[in-house]
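All residue numbers in this chain count up from 1 along the given sequence. Please read all numbers here as calculations on a predicted model, not as lab measurements.
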Amino acid sequence: MSELRTLRNYINGEFVDAADGRTLQIVDPTTGQAYATSPLSGAADVDAAMAAAAAAFETWRDATPSTRQKLLLKIADAVEARGDDLVDAECRDTGKPRGLTKSEEIGPMVDQIRFFAGAARMLEGKAAGEYMDGMTSIVRREPVGVCAQVAPWNYPMMMAVWKFAPALAAGNSVVLKPSDTTPASTVLLAEIIGGVLAELELPAGVFNVLCGDRETGRLMVEHATPAMASITGSVRAGIQVAESAAKDVKRVHLELGGKAPVVVFEDADIAEAVEGISVAGFFNAGQDCTAATRVLVHESIHDAFVTALAKAAAEIKTGGVDEEDVLYGPLNNVNQLKQVAGFIERLPGHAKVETGGHQVGEVGYFYAPTVVSGLLQDDEIIQNEVFGPVITVQKFTDEDQAVGYANGVDYALASSVWTKDHARAMRMSRRLDFGCVWINTHIPLVAEMPHGGFKKSGYGKDLSGYGFEDYTRVKHVMTAI
């Protein structure tokens, strides 16, 4: 066995091991074998990172918007220049197809960083005004402070961007923890960002990376220094973060799970819907909180739709990083493989596996594209997030029932409606209780538009001006004239 690669924390401009020397093994999901180690950070490491971020914040919060913009633009250029290296790191940790990772992630990441670079120049409060005789009021928007941020394993480097870019643009400093299974691309981002900070002679502690497990994240959130905790992850993790942050009334930003309904009406073009839904459902092995994995189809076209979807799914390939014509790679880790397989093993008797439903190969965590029909609203697989390459199909009779089924889960992140009837699409977009409603498409995102949900999908927004404002606080200044 070859020697394991060593990843390190990035604190105040230096790569360092955990203070007590503890490590975690990082597994390549295409082989199931460890290829690297990363620090298992503890309280001393959290203290060090928070101290660095707090010291840097004293300078960084006073940086002009143009300085913040310059930093982010240079980071974007550096990310673009190191795109191949970032893809290599990401694919080793996640097993994603290399070509798709480069085309679908590097470009959007660079664009998102540049968007927040522009947003840095647009941060303003209301114009001065007199709302009481003899008094002038001013509204200031200020950075929150040190931000403790926790990113997930499904899109490690892109979610890191969604965390640090708005935070830095608003003048905050950051301590970012990647998932314990996917730290490599975030550690590389630390190298890239650290180089830009040094080039611009800005405080090194503006951006710090701590590797570790769930306990590391808890220590970060409960630490006295951060003014804000932000997490993208499971509902369980989000609840724990909110509970921890409540102890000293930290601001919390939560982007949690999803169970996106995909409502297909009888007038939809079946071929177009199947093509769009199958890609949006199986991309990244369905490991996406907005994935199109809960399909509701009008009863009049249900059977034809299921037949077409099962055929399309059976033709989709999963495979290794460099294999040809592969839409998605393995599930991220052995526990996720067990979770997905468990949902299929526990299916009720009235459910039917139309295609898939099994692991692929004996090496790695690959799972076949799967379509399950015959399901009822109360079934476990309808109510809970599978987070794997599994699309479920239910039938509905009319618009009201479709809305009831769609909204009848605890999650409320994303949804889509497939119909040629504009009025129906508008009614559905109003009635669907989800943070995003796509019409005749599913999953496109742009930097200018907000991403975030309701209910147990969390609160706060990523991307857009709304996401930027989440990393600011509002101060009223009144002066006697």
For the pair [X] and [Y], find out whether any cationic side-chain nitrogen is under 4.0 Å from an anionic carboxylate oxygen.
X	Y	answer
Glu385	Lys259	no
Asp470	Arg251	no
Lys455	Asp410	no
Lys70	Glu199	no
Lys74	Asp77	no
Glu90	Lys96	yes
Lys102	Glu105	no

Can a donor-acceptor pair be found, under 3.5 Å and without considering hydrogens, that links the side chain of [X] to the backbone of [Y]?
X	Y	result
Lys461	Gly452	yes
Gln383	Gly408	yes
Asp62	Thr59	no
Thr318	Gly329	yes
Thr370	Gly357	yes
Asp433	Asn407	no
Ser457	Ala412	yes
Ser103	Leu100	yes
Asn284	Gln287	yes
Arg218	Asp213	no

Rounded to the nearest 0.5 Å, how far apart are [atom1] of [X] and [atom2] of [Y]?
X	Y	atom1	atom2	answer
Ile75	Leu197	CD1	CG	6.0 Å
Lys177	Asn208	NZ	CG	15.0 Å
Asp111	Leu463	CG	CG	9.5 Å
Leu254	Ile239	CG	CD1	9.5 Å
Met159	Asn154	CE	CG	6.5 Å

Does some side-chain heavy atom of [Y] sit less than 4.5 Å from a side-chain heavy atom of [X]?
X	Y	result
Thr293	Val390	no
Val334	Tyr365	yes
Leu176	Val150	no
Met157	Ile106	yes
Lys163	Thr232	yes
Thr23	Ser38	no
Leu337	Asn333	no
Leu413	Thr290	yes

So does [X] have more than 12 non-hydrogen atoms from other groups sitting under 6.0 Å from [atom1]?
X	atom1	result
Glu58	CD	yes
Arg98	CZ	yes
Glu448	CD	yes
Tyr466	OH	no

Would you please say whether a donor-acceptor pair under 3.5 Å links the side chains of [X] and [Y]?
X	Y	answer
His451	Asp462	no
Asn9	Ser41	yes
Tyr471	Ser230	yes
Lys250	Ser244	no

Mind running salt bridge (charged side-chain N to carboxylate O under 4.0 Å, His left out) on Lys247 and Glu222 for me, showing each step along the way? CA-CA 8 Å; Lys247 294 175 183 177; Glu222 292 187 355; 3.0 Å; yes
Under the salt bridge (charged side-chain N to carboxylate O under 4.0 Å, His left out) criterion, do Asp325 and Lys317 qualify, and how do the steps go? CA-CA 7 Å; Asp325 301 321; Lys317 288 178 60 178; 5.2 Å; no
Determine whether the aromatic ring centres of Phe454 and Phe434 lie less than 6.0 Å apart.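 Distance test on ring centres: not under 6.0 Å, no.
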Would Phe387 and Trp153 count as a close aromatic pair, with their ring centres under 6.0 Å? yes
Closest approach of [X] to [Y] (non-hydrogen atoms, all atoms of both residues):
X	Y	result
Pro183	Cys211	CB-SG, 3.9 Å
Ile277	Val262	CD1-CG1, 3.4 Å
Leu375	Gln394	O-CG, 3.7 Å
Arg294	Thr392	CA-OG1, 3.6 Å
Met220	Met50	O-CE, 3.8 Å
Ala120	Pro65	O-CB, 3.1 Å

Could you walk me through whether Glu380 and Arg346 pass salt bridge (charged side-chain N to carboxylate O under 4.0 Å, His left out), step by step? CA-CA 9 Å; Glu380 176 198 29; Arg346 295 189 301 272; 2.9 Å; yes
Might you work through the side chain to side chain contact (heavy atoms under 4.5 Å, CB included) test for Thr225 and His223, ending with a clear yes or no? CA-CA 6 Å; Thr225 296; His223 198 278; 3.2 Å; yes
Quick one, Phe164 with Phe207, criterion ring pair (Phe, Tyr, Trp, His ring centres under 6.0 Å). Give me CA distance, side-chain angles, the key distance, then yes/no. CA-CA 8 Å; Phe164 78 72; Phe207 182 79; 5.4 Å; yes
Using the rule given for side chain to side chain contact (heavy atoms under 4.5 Å, CB included), can you reason through His358 versus Val360, listing the C-alpha separation, both sets of side-chain angles and the distance that settles it, and then say yes or no? CA-CA 6 Å; His358 58 83; Val360 175; 4.3 Å; yes
Check the pair Val174, Gln149 against side chain to side chain contact (heavy atoms under 4.5 Å, CB included), reporting the backbone distance first and the verdict last. CA-CA 7 Å; Val174 166; Gln149 302 182 316; 3.2 Å; yes
Is there a side chain to side chain contact (heavy atoms under 4.5 Å, CB included) between Val386 and Ile381 once you walk through the steps? CA-CA 7 Å; Val386 179; Ile381 200 169; 3.6 Å; yes
Does NZ or CZ of Arg114 lie under 6.0 Å from the centre of the six-membered ring of Phe116, at an angle within 45° of the ring axis?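 The answer is no, since Arg114 fails at least one limit relative to Phe116.
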Is it possible for you to check whether Arg5 lies under 6.0 Å from the centre of the six-membered ring of Tyr35, through NZ or CZ, and within 45° of that ring's axis? no
